[in-house]
Amino acid sequence: MPVRAMSQDAVSANQYVPQSFEARHRVRWEEAGLHKAKGPASGKPKYYVLDMFPYPSGSGLHVGHALGYVGTDIVSRKKRMEGFDVLHPMGWDAFGLPAEQYAIQTGRHPRSTTDENTANFRRQLQNIGLSYDWSREIDTSHASYYKHTQKLFKVLYEQGLAYRAEVPVWWCEELKTVLANEEVINGRSERGNYPCVRRPLKQWMLKITAYADRLLADLELLDWPESIKVQQREWIGRSEGASVRFRLEAGGEVEVYTTRPDTLWGATFMVLAPEHPLVAQLTTPAQRAAVEAYALAAKSKSELERTELAKDKTGVATGAYALNPLLDPNDPRARIPIWIADYVLWGYGTGAIMAVPGHDERDFEFAQKFGLAVREVVRPPQGTKGLADGECFSGEGTALHSGPLDGLTTSAAKAKAIELLVAQGCGAKKVTYKLRDWLFSRQRYWGEPFPLIHLEDGTVVLLPDDALPVLLPDMDDFKPSQDGSAPLARAKEWVETRDPRTGATARRDTDTMPGWAGSCWYWLRFMDTANTAQPFSAEAETYWGPVDLYVGGASHAVMHLLYARFWHKVFYDAGLVHTKEPFQKLFNQGMVTAYAYEDATGRLVASDEVETKGEAWVRKGTGEPLQQIVTKMAKSLKNVVNPDDIIAEYGCDTFRLYEMFMGPLADSKPWNTRDIPGCRRFLERLWRVCVDEKSTDSVRPNLLTATTGELQGESLQLERSLAKALVRVEESFTHFNFNVAIAAFMSFVNDATKAPQAVTRSQAQRLLAALSPFAPHIAEELWQRLGADGLCAAQAWPKPDMRYAVDDEIDLPVQVNGKLRATPKAPKDADKAGLEAVARAAVAAHLEGKEILKVVIVPGRLVNFVIKG
RNA sequence: GAGGGAAUGGCGGAACAGGCAGACGCAUCGGACUUAAAAUCCGAAGCCGCAAGGCAUGGGGGUUCGAUCCCCCCUUCCCUCACCA
């Protein structure tokens, strides 16, 4: 429903019709090169504002995606007005599974669908009036880009960080590809939610674990949300402990990892992961059948089953025994049974643990279930429950029943235990990480080919830079083969090649890089997109790096941000970049949610099948009552809102304002189309403050000439109002709560609406300049109508005049016993005595005949009388 | 289970980070303009109460002259990780 009926005469030259000028001003900005990043020659300080670039999906952008983009656009525009050389680019993370899945279903080449999708994204972004430097647009799936991705992979390879290994990998039968650990959730693919199984396959791996410590430590250098840092720390999962070698009674030994070496005297059994290679050797004949059955069952269990059944421990004894290395072999406590159980993970530590049921919840549960011994070796602090109360105590306390450790605190006991282990030659201090090396190959078509060849003798040879890019061969069938080999294996002519240096016959690698590869360095490419010879020049990197502000969703907390940091650090070591970290400040925009509706059974009902009935919502036709809920925007819920539709109806500036007016950028908040007209009305009021719609003048006459002399009367009042608004606008940039800035603009315009003839030309100019990052088109249009010099978007950022930001008189809240009783006027800078006098007079009735115990006076704030009774 | 974040009118949200709770906007109601409506403008409005006044920032306690803000306990919601020895 349009805001107003657009009859022919309504579209007069003097009404606010954004569609009539928004596109025109975009052309003017473009022609002025306003959004072009100039680079080192600009002579200006730089500012690099980056959005997490999108995967160009077929469904296009919705209003939630636009949130962060509008936010960074406002920052970029303001920074330019403040005299910075701003780099604010956009591009496409265009390799990836969905395009390929779509290609398999429809037979359309991913190249053409990707091009269509990026064209649509670009059109949508431009429609929002975002001030990207489009001359720097990149597409990770173009050879001109992935040529450099291949070069940078070589850097990793040359640093010894890329290797091939036969590893058990997640295989997704439906997608016919391997997936990285983090792409599999509870045994199902993150994308598509298909079941996955573990399978051994020879794969490319990147040694991210070599950087674990630095990835952890350098988080301290970053201005990032604490929650993201926490997630990264947990993902890296550093723990300090000890490796301990237990001798086997039957010969040989098993190494375990523990973070509690101080509890060694409390180890009453040992548990190996079912996949542990020693299991087969050490199992006694009597137990062999049971152990093999258990191991087989564990293997076929999905990760989901293994975790869902977490509460119920399972396991089988192997019949073998190990000897505690720090106890006398004749001590009956030294001999402990070895079990296998799937609560011990083969992928972490050594895949074997010493179980201390007295002081580890999981071991305790296992011991309870299988009737194994429990021994107390840590006394809990006073008042904490422990084994004496029938509970497991896993905290820190004092060692007991532990020979030489007795009486030591947990931390001292740990150190002592390690000392003893080292002295005995059966253990050492050890640091362990949850982070694993990164599985870096996929059996897919739509990704970067590896820049290397395999010789007949199995040697891997990197291709020289002049042999790059290794182009993706043109294919029309992208299906993976039944045996799991990659589609590229079918491009026989492509696969069979020669070593460019020796001419020896060779085969290309038929795997491609994962979807993350392109985004592991794209912020560097943006610095120097015209460079065809190198990924980026040292000169460009020195000037632009690091990214000053990086904005995107919190969903990339771990994977993208960890991978990107890893590559950046490798480049740092290789001397390619001058900063240790790529993204100095990170900001997560909140999620835009939307209303959805569910019926009595909790089933979702599409928004277009819902209508309001009084205060309630009902299903169209049937009148069945529905419940309104707030969820994420999703196609399946039919509650997705497309920015194109909003812009067509209300104009781009209204759309931008509403996106920001909803709430602070970081918050998650519901989209409510009903609220949009409020932002549109604000712009119309602003328009009428500047333009008399009934006349044919381009602006009101009072705005045509500069006011001279002291401001008086309404003009002075408006000056105060403007100064206050500008203060709030300025403050909104520290927390990205632009909703407050917009509210401040509204307040000023409301004031100005009451006396439009009192607005001075200077006030109008400062207002428009300050508004222009938020609503750039109307600001530019009115600027032009004012006949002011240059582009509004190129003006210096207006600073508030603090002389006008405070009123001469304040409303002084006067409380009696903390309750507000009056708010008389008081001079702004009255002293305590003056304030008390004003206050006493104002609440004389309340003080009558009462004993005043205390008077609290906060200058500029309030007065509080504390009275008796 | 662990960690992180949050809870303020009918709704989205403000509030110098201890000092007038509810800015700004939506929805609502009244008035002006209009033949009428839309649009616009002016105004009302947290809740209870005719009023005086009382009650109010998820619930309960505490510190303070004064608490949305600080401390303790509890409830609910969102996000992340989830047997990591």
Side-chain angles (χ1 to χ4, degrees), chain A residues 3-5 10 185-186 225-231 233-235 237 239 241 256-260 263 271 306-307 309-311 313 341-345 347-356 360-363 365-366 394 432-435 554-555 557-558 588 590-591 593 595 615 628 630 632 657-658 661-664 666-679 681-682 684-685 688 693 727-728 731 737 739-747 750 753-754 810-823 853-856 858 860-867:
Chain A
V3 170
R4 67 166 82 181
I185 297 161
N186 289 336
E226 196 52 36
S227 65
I228 302 284
K229 290 189 183 183
V230 167
Q231 285 181 57
R233 279 187 205 112
E234 284 180 359
W235 189 265
S239 75
V256 304
Y257 172 72
T258 176
T259 55
R260 292 297 296 271
T263 61
V271 185
R306 262 170 93 148
T307 53
L309 300 174
K311 297 134 231 156
K313 294 273 184 293
D342 65 6
Y343 82 91
V344 172
L345 307 176
Y348 180 76
T350 60
I353 63 159
M354 61 176 214
V356 184
D360 181 286
E361 302 284 353
R362 298 152 301 185
D363 299 345
E365 206 183 310
F366 194 83
S394 57
T432 300
Y433 301 92
K434 287 190 212 173
L435 183 70
S555 51
V558 175
N588 296 124
M591 203 190 348
T593 52
Y595 295 111
E615 297 284 278
Q628 189 187 51
V630 170
K632 58 175 81 171
L657 286 186
Y658 178 64
F661 193 59
M662 277 190 285
D667 290 8
S668 126
K669 56 235 158 195
W671 180 271
N672 195 351
T673 300
R674 187 185 74 176
D675 289 343
I676 295 176
C679 290
R681 281 198 277 265
F682 157 65
E684 287 171 357
R685 272 200 300 278
R688 288 194 301 268
E693 292 180 316
V727 168
R728 298 181 73 195
E731 284 170 356
N737 51 348
N739 53 323
V740 176
I742 294 165
F745 284 124
M746 288 174 169
S747 292
N750 287 345
T753 296
K754 294 179 179 110
I810 58 164
D811 290 316
L812 181 71
V814 181
Q815 299 178 338
V816 176
N817 282 351
K819 284 198 164 60
L820 182 71
R821 293 304 179 193
T823 48
L853 301 175
K854 187 175 178 182
V855 184
V856 180
V858 185
R861 282 269 173 254
L862 59 44
V863 176
N864 185 16
F865 294 98
V866 185
I867 64 174

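The figures here come from the full heavy-atom set of this structure, side chains too, leaving out hydrogens, waters and symmetry mates. By convention in this document, chain letters (A, B, ...) are assigned in the order of the sequence lines, proteins followed by strands, and residues within each chain are numbered from 1.
At the phosphate of B:A85, neither OP1 nor OP2 sits under 4.0 Å from any side-chain N or O atom of A:Y343. For B:A52, the OP1/OP2 oxygens have no side-chain nitrogen or oxygen of A:R821 closer than 4.0 Å. For B:C41, one of the phosphate oxygens OP1 or OP2 lies less than 4.0 angstrom from a side-chain nitrogen or oxygen of A:R688. The shortest distance between the side-chain N/O atoms of A:T432 and the OP1/OP2 oxygens of B:A85 is not below 4.0 Å. Under 4.0 angstrom from either OP1 or OP2 of B:A23 there lies no side-chain N or O belonging to A:R728. Taking side-chain N and O atoms only, A:N672 has no distance below 4.0 Å to OP1 or OP2 of B:G13.
Residues passing the ring-ring contact (aromatic ring centres under 6.0 Å, His included) test with A:F661: none are found, sequence neighbours excluded. Judged as a ring-ring contact (aromatic ring centres under 6.0 Å, His included), and not counting sequence neighbours, the contacts of A:Y658 are A:W671. Scanning for side-chain contact (heavy atoms from CB on, under 4.5 Å) contacts around A:P225 gives A:S227, A:I228, A:L586, A:N588, with sequence neighbours left out. Listed by chain and residue number, A:V816, A:K819, A:V843, A:H846 satisfy the side-chain contact (heavy atoms from CB on, under 4.5 Å) test with A:R821 (two or more places apart in sequence, or in another chain). Every salt bridge (Lys or Arg N to Asp or Glu O under 4.0 Å) that A:D811 has, sequence neighbours left out, goes to A:K825. Contacts of A:F366 classified as ring-ring contact (aromatic ring centres under 6.0 Å, His included), with partners at least two apart in sequence or in another chain: A:F269, A:W339, A:Y343, A:F370. Among residues two or more places apart in sequence or in another chain, the side-chain contact (heavy atoms from CB on, under 4.5 Å) test is passed with A:R674 by A:N672. By the salt bridge (Lys or Arg N to Asp or Glu O under 4.0 Å) test, A:R233 is found to be paired with A:E220, A:E226, residues two or more places apart in sequence or in another chain being considered. Among residues two or more places apart in sequence or in another chain, the side-chain contact (heavy atoms from CB on, under 4.5 Å) test is passed with A:S394 by A:E361.
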Could you summarise the pairing of RNA chain B as dot-bracket text, marking Watson-Crick and G-U pairs under 3.5 Å with ( ) or [ ] inside the strand and | across strands?
(((((((..(((......[....))).(((((.......))))).(((....)))..(((((..]....))))))))))))....

Please tabulate, one pair per line, each protein N/O and nucleotide N/O from nucleotides 67-70 of chain B that are separated by under 3.5 Å, including the distance.
none

Between the protein and nucleotides 63-65 of chain B, list every N/O to N/O distance that falls short of 3.5 Å.
| from | atom 1 | to | atom 2 | distance (Å) |
| --- | --- | --- | --- | --- |
| B:C65 | O2' | A:N864 | ND2 | 3.4 |
| B:C65 | O2 | A:N864 | ND2 | 2.6 |

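Atoms CG (A:N750) and P (B:C26) sit 10 Å apart, rounded to a whole Å. One can place CG of A:D342 at 17 Å from P of B:A85, the figure rounded to the nearest angstrom.
When the nearest nucleotides of RNA chain B are assigned to A:I676 and A:Y348 by heavy-atom distance, the more 5′-ward of the two goes with A:I676.
Comparing the same atom, C1', in B:U34 and in B:C41 gives a spacing of 13 Å after rounding to whole Å.
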